[in-house]
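All ligand and atom numbering here is 1-based and tracks the order in the structure.
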Amino acid sequence: MIVGVPKESFPGERRVALVPMVIPNLKKLGLEVILEAGAGVESGYRDSDYEEKGAKLVPTRADVFAQADIVTQVLCYGSNDRTGRADVPLYRRGQNLIGFLRPLGSKEIVSEIAASGVTSFAVELMPRITRAQSMDALSSMATICGYKAVLIAAGTVPRLFPMMTTAAGTITPARVLVIGAGVAGLQAIATARRLGAVVSAYDLRPAVKEQIQSLGGRFVELPLETKDAQDAGGYAKAQDESFYQKQRELLAKVVAESDAVITTAVVPGKKAPVLVTKEMVNAMAPGSVIVDLAAERGGNCEVTKAEEEVAVNGVRVIGSINLASSVPYHASQMYARNLTTFLTLLVKDGKVDIRMDDEIIRETLLTRDGEIVNERVRQFYQMPVEVSK
Ligand SMILES: NC(=O)c1ccc[n+]([C@@H]2O[C@H](COP(=O)([O-])OP(=O)(O)OC[C@H]3O[C@@H](n4cnc5c(N)ncnc54)[C@H](O)[C@@H]3O)[C@@H](O)[C@H]2O)c1
């Protein structure tokens, strides 16, 4: 079977789905790799690096889709809402497609992908079980986003992050607040600590308190009832508006005292909760910065504009999206390793073997034979759980 890697087409996207180092592992599975010429250049991987590891170059995107039995992408149609649709006519019935497909984003788009007949696997649907950790692309990308958000904050605030004792006196360390301590938030805490900042963090899941503390962060305790905060998959559950209102009131003081706030609070399939209001931004010292990693999902800050930097009263609110793409070498390496581990599970005796009794295969499989077949996604879109054929 042939695994194909087209160049990413989302504007500004710099990652690539497979990197040269994973090719020998794919060959061991009996897979051949073809790559659209130049697909890895933006991430720092030359065509010749791929060729040396045994990949074959093809000149166009259409060649990749025409020849590959398994197409691997970072942003497939679905998550690529700008240029992704152009791929649909290239899909072939029964061809396998693996990548970010934003399965809970739009029923119309997922139905369109299904109607093409492509067999698609959405990496976002990877179950949160120990066996799947090494295939979890969301965690890989979140790790990079958390790290990069801190670098952006450190490069934007008019202060130093570490404490310094100098001949010109002592510099006090910057105060960083991280709201949402999932994978991205925890990496942000670790990175800000490495830079010497004093870090506080808050999450509505009380389970993360120890993780925050083990990274040297202070857990911000809010007197809020959060018994039902987490679902079986480890994701936060949506709360009602009165909860968020209370949360904002309680967070106001600690936000006002922070030099940098990094927000990462999201709930799967929902708009991100607004946790920092315009009033709270106004109460921060001029020069402070908010990096809103939830910008793509509506933002955790009321004034956030996705892909823009907004200044309010001297406070800069940065609505970065797709930060993982700004560290493309390692983002691609991590993603390629995640995909390779997934392919090791999926491919048996050199063929794709869709074993529905395997939780990882069943839960990531999104479309097959013209239908949306994923139970979680069908429930989310209120479709009958049984597929029609
Ligand atoms: N294979 C696995 O076992 C596996 C894989 C990935 C993640 N996880 C675990 O799942 C958990 C969440 O991971 P994630 O980073 O993907 O989550 P996420 O990206 O869905 O959310 C980010 C964080 O925002 C928090 N949040 C949501 N609403 C909030 C609010 N109103 N106020 C404050 N915080 C809010 C969430 O609790 C979460 O910690 C983590 O504990 C992680 O370790 C497990």
**OP:** Below 4.0 Å from any atom of ligand 1, which residues have a heavy atom? Give them in chain and number order, please.
**Re:** Arg128, Ile129, Gln133, Asp136, Ser139, Gly180, Ala181, Gly182, Val183, Tyr202, Asp203, Leu204, Arg205, Gly234, Tyr235, Ala236, Tyr244, Gln247, Thr264, Ala265, Val266, Pro273, Leu275
Subject >> NZ or CZ of Arg128 within 45° of Tyr235 ring axis and under 6.0 Å >> reply: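 Yes; both conditions hold, so Arg128 lies above the ring face of Tyr235.
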Subject >> Check: Thr341/Asn338 side-chain N/O donor and acceptor closer than 3.5 Å >> reply: no
Could you go through residues 308-326 and list every donor-acceptor pair under 3.5 Å that involves a side-chain atom there, pairing it with any protein atom two or more places apart or in another chain?
from	atom 1	to	atom 2	distance (Å)
Glu309	OE2	Arg316	NE	2.6
Glu309	OE2	Arg316	NH2	3.2
Asn313	ND2	Asn282	OD1	3.2
Asn322	OD1	Arg15	NH2	2.8
Asn322	ND2	Glu13	OE1	2.9
Ser325	OG	Glu13	OE2	3.2
Ser325	OG	Arg14	N	2.9
Ser326	OG	Lys148	NZ	3.1
Ser326	OG	Leu323	O	2.6

Subject >> Parallel, tilted or perpendicular: ring planes of Phe342 versus Phe121, cut at 30 and 60 degrees >> reply: perpendicular
**OP:** Please work out which of the three classes, parallel, tilted or perpendicular, describes the rings of Tyr50 and Tyr45, given edges at 30° and 60°.
**Re:**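 The rings of Tyr45 and Tyr50 stand perpendicular, inter-plane angle above 60°.
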Original post:
Short question: side chain of Arg248, backbone of Leu275 - any donor-acceptor pair under 3.5 Å?
Top reply: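 Judged by distance alone, no pair lies under 3.5 Å.
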